[in-house]
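Each remark here refers to the structure printed beneath this line.
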Amino acid sequence: MIKIRHLQKSFGQVRVLKDISTEIRKGECVCVIGPSGSGKSTFLRCINLLEQPDGGGIEVDGRDILDPGLKIDDYRKEVGMVFQHFNLFPNMTVKRNIMLAPMRVLGLPEEECSGKALKLLRQVGLESKADTYPNKLSGGQKQRVAIARALAMNPKVLLFDEPTSALDPEMVGEVLHVMKELAEGGMTMIVVTHEMGFAREVSDRVLFIDHGVILEDRPPRELFGRPENERTKEFLAKILT
Ligand SMILES: Nc1ncnc2c1ncn2[C@@H]1O[C@H](COP(=O)(O)OP(=O)(O)OP(=O)(O)O)[C@@H](O)[C@H]1O
């Protein structure tokens, strides 16, 4: 579904992505792990064109998304993103936050969007919070609303950029639980994460990125059980102790 070929991205003199190639199949949950500053977020941001790659190619559903003729607004409707910080609108209720994009961007009727928002809130376990404002929610609840909001656009793929990094530890589990259910439901997901338990138990494949290249691209059982690259071994030894 997503084919990435020799992707490159620099910021000034710094080559952040040097040569990234991989494929993500429909329904796969792929976790991206690696040291801080290795290029994980930049990789994700290139996929939804928040960053413009300098070289290489990205094909999504058979379409070259680096083609200058691409209608970027249409493309972005298909690719949802969940950020570390939830970016909810503070002056709108939870339900309104979720309804906004389907109403404004997809032009769907209010009634339909309202029903959809309630359904999604049920899915993330927050039905009772529909009329609450974001400042009354915990971090974990806010992130679950952010996931519901992304889902409201019916994306073909969901990108997660360290979705639990800003949360207190006791709230991490509730967000990972929602993500696990999504993965099990067949959502195509790419997840940049430091949560090795999630990568190990939920993902279909794990990409280990270091200094802008993929050093390992393997199923989690293999990568965690028998890492091949010395850098992967070092990283896992550090993070798992
Ligand atoms: N917009 C930007 N302008 C300049 N440099 C940037 C920009 N975005 C990222 N960088 C740099 O690119 C490098 C890779 O950043 P990136 O956020 O992709 O790494 P990461 O692996 O996601 O790190 P972390 O795990 O700490 O979030 C870093 O050195 C960062 O400072």
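Every number for a ligand or one of its atoms is a count from 1 in the order of the listing. Worth knowing before you read on, the calculation uses all heavy atoms, side chains too, and leaves out hydrogens, waters and symmetry mates.
Scanning Gly37, Gly12, Gly34 for the heavy atom closest to atom 23 (O) of ligand 1 points to Gly37. Of the candidates Gly212, Cys46, Ser41, Ser165, it is Ser41 that places a heavy atom closest to atom 22 (O) of ligand 1.
Taking CD of Glu228 as the reference point, atom CG of Leu223 lies at 8.5 Å (rounded to 0.5 Å). With rounding to the nearest 0.5 angstrom, the CG atom of Leu176 is 9.5 Å from the CD atom of Glu174. One finds the CG atom of Leu49 at 4.0 Å from the CD1 atom of Ile65 (value rounded to the nearest 0.5 Å).
In this structure, atom 15 (O) of ligand 1 lies nearest to the protein heavy atom Thr42 OG1, 3.8 Å. What sits closest to atom 26 (O) of ligand 1 on the protein, heavy atoms only, is Ser36 OG, 2.6 Å. In terms of protein heavy-atom proximity, atom 9 (C) of ligand 1 is closest to Phe11 CE1, 3.5 Å.
Salt bridge annotation for Glu184-Lys180: present, with a cationic side-chain nitrogen under 4.0 angstrom from a carboxylate oxygen.
Proximity of a side-chain donor or acceptor of Glu78 to a complementary backbone N or O of Asn154 within less than 3.5 Å is not detected. When atom types are taken as modelled, the side chain of Lys95 and the backbone of Ala117 share no donor-acceptor pair closer than 3.5 angstrom. Although no hydrogens or angles enter the test, the distance criterion places a donor-acceptor pair under 3.5 Å between the side chain of Lys116 and the main chain of Ala152.
Counting atoms of ligand 1 from 1 in the listed order, those under 4.0 Å from a heavy atom of His194 are 25 (O). Set against the non-hydrogen atoms of Pro35, the atoms of ligand 1 under 4.0 Å away are 21 (O). Of all atoms in ligand 1, listed by their number and element, those nearer than 4.0 Å to a heavy atom of Glu162 are 24 (P), 25 (O), 27 (O). Of all the atoms in ligand 1, the ones that sit under 4.0 Å from a non-hydrogen atom of Lys40 are 18 (O), 19 (O), 20 (P), 21 (O), 22 (O), 23 (O), 24 (P), 25 (O).
For the 3.5 Å distance criterion, the side chains of Lys156 and Thr188 fail to qualify, holding no donor opposite an acceptor.
Residue-level proximity to ligand 1 for Val16 is carried by the side chain, the only part with a heavy atom below 4.0 angstrom.
Atom 30 (C) of ligand 1 lies below 4.0 Å from none of the non-hydrogen atoms of the protein.
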